[in-house]
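A short write-up of the structure that comes next.
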There are 2 protein chains.
Amino acid sequence: MADRPDLAAMISPLGRALIEAELPVLREHGLSMWAYSVLLALGARPLRTQAALAESIRADKTRIIGVLDDLQRRGLIERTPDPGDRRARLLSLTEEGRRVRDSAQAGIQRNEERLLGRFPADDRRAFLRVLRALADLPPEEIAGP
Amino acid sequence: MADRPDLAAMISPLGRALIEAELPVLREHGLSMWAYSVLLALGARPLRTQAALAESIRADKTRIIGVLDDLQRRGLIERTPDPGDRRARLLSLTEEGRRVRDSAQAGIQRNEERLLGRFPADDRRAFLRVLRALADLPPEEIAGP
DNA sequence: TATTGTTATACTCTATAACTATA
DNA sequence: TATAGTTATAGAGTATAACAATA
């Protein structure tokens with residue numbers, strides 16, 4: 001027997017539980033998980049094509065179309081044909097979209113801070129430092145040789 | 001904007017990537033992810049019913065039947081009717097099952113140790129300490145009030 | 001009647017392929 | 001012809017409901 005559980009066996013269910021914890025907050029804002037992912041991705045920087053957006057959130061491009069339709073209808077994003085190439089749609093957050101994203105994220109991180117609050121500050125900082133570094137690794141690096 | 005990404009946004013994709021990293025190792029041992037989960041759960045302690053096993057790995061009970069069929073056929077687990085209640089099936093690992101589980105887990109953790117090896121020992125210990133504590137929390141505690 | 005395990009069915013999510021419009 | 005976006009179809013994975021055996 002190993003002296004610790006597999007990382008994946010700890011991290012993967014924890015991720016599912018954290019997503020479960022997000023759902024009530026997102027529901028209050030009328031957002032699905034995909035919709036929230038889109039708002040986060042567009043907030044980081046506006047994107048020039050839906051395909052690029054889909055790739056950045058690791059989704060299939062056909063999967064986000066309904067999500068974009070809904071966000072646009074509700075005035076949270078703008079989707080305008082690129083004048084330079086009318087096949088592409090320029091994507092960006094509206095002010096309202098930014099507001100909804102920030103409000104949802106504040107609610108989510110409030111709960112996450114409650115969870116982290118049970119650990120000593122040093123452990124918390126080290127945990128976040130390692131987690132951020134691991135999360136930034138490209139999947140090929142995680143997969144290994 | 002928040003000063004860090006949401007925990008879920010970091011942890012959940014990381015979990016998926018770690019599972020991807022496990023797949024080649026599991027494939028070498030002829031194991032699916034569910035089969036490996038079963039071997040791990042039965043290794044911790046033998047279980048008296050399939051329903052209890054399913055619950056312990058957060059699976060539907062109908063979902064693991066084919067997995068158990070296969071593991072039993074290959075001699076990795078034993079599934080014997082409980083003499084005291086012939087409806088139930090006593091589940092346990094065989095010696096071969098234990099061997100396969102240990103070999104697969106060794107391969108998986110070898111790669112995980114490679115990933116952790118890039119961090120200072122202190123950070124690594126703190127990371128695992130916090131991660132284990134979070135993974136041990138019941139989902140209700142993670143969900144919050 | 002209730003419970004364990006099983007099988008059959010339906011549903012959800014996701015990806016693949018076909019289509020439209022621009023280039 | 002190639003590409004961005006969209007729609008329609010098919011596939012995988014999962015859960016729900018019905019069933020058989022035992023209590």
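All chains are named by letter (A, B, ...) in the order of the sequence lines, taking the proteins before the strands, and each is independently numbered beginning at 1.
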Taking DNA chain C as the partner, which of residues 18-28 of chain B come within under 4.0 angstrom of it by heavy atom? none
Between B:L134 and A:F119, the two heavy atoms sitting closest are CD2-CE1, 3.7 Å
Quick check on DNA chain C: between A:P83 and A:W34, whose nearest nucleotide comes earlier from the 5' end? A:W34
In sequence, state the C-alpha distance, the side-chain angles, and the governing distance for B:E22 and A:D6, and then conclude on side chain to side chain contact (heavy atoms under 4.5 Å, CB included). CA-CA 10 Å; B:E22 290 191 357; A:D6 302 339; 4.1 Å; yes
Take atom CD1 of B:I57 and atom P of D:dT14, then tell me their distance rounded to the nearest Å. 11 Å
Which heavy atom in A:L18 sits nearest to a heavy atom in B:A8, and how many Å separate them? CB-CB, 3.8 Å
Would the distance check show the side chain of A:E112 and the main-chain N or O of B:L7 forming a donor-acceptor pair, the cut-off being under 3.5 Å? yes
Are B:I57 and B:L68 connected in the hydrophobic side-chain network, where two residues link if heavy atoms are under 4.5 Å apart? yes
Just the rounded figure in Å: distance from P of C:dA21 to CG of A:D85. 16 Å
OP1 or OP2 of C:dT3 less than 4.0 angstrom from a side-chain nitrogen or oxygen of B:R89, does that happen here? no
Just by modelled atom types, is the A:P81 backbone N or O under 3.5 Å from a matching donor or acceptor in the A:R86 side chain? no
Touch check for B:D60, heavy atoms < 4.0 angstrom, all strands: base, sugar-phosphate only, or nothing? base
Once you round it to whole Å, what is the distance between P of D:dG13 and CE of B:M33? 13 Å
Looking only at heavy atoms, what is the nearest atom pair of A:M10 and B:L128, with distance? CE-CD2, 4.4 Å
Dot-bracket for DNA chain D, please. Rules: Watson-Crick or G-U, both distances under 3.5 Å, ( ) within the strand, [ ] when a pair crosses earlier ones, | for another strand, . otherwise. |||||||||||||||||||||||
Test item: A:L31 and A:L71 side chains (from C-beta on) under 4.5 Å apart, heavy atoms: yes
Can you name the closest pair of heavy atoms from B:V67 and B:W34 and give their distance? CG2-CB, 3.9 Å
For DNA chain C, determine which residues of residues 62-78 of chain B have any heavy atom closer than 4.0 angstrom to one of its atoms, and list them numerically. B:T62, B:I65
To the nearest angstrom, the NZ-P distance between A:K61 and D:dA4 comes to 8 Å
Under 3.5 Å, is there an N or O donor on one side and an acceptor on the other linking the side chain of B:R86 and the base of D:dT22? no
Heavy-atom pair with the smallest gap, counting every atom of B:A104 and B:V25: O-CG1, 3.6 Å
Side-chain contact test, heavy atoms from C-beta onward, threshold under 4.5 Å: evaluate it for A:M33 versus B:S12 and give yes or no. no
Just the rounded figure in Å: distance from P of D:dA4 to CZ of A:R87. 6 Å
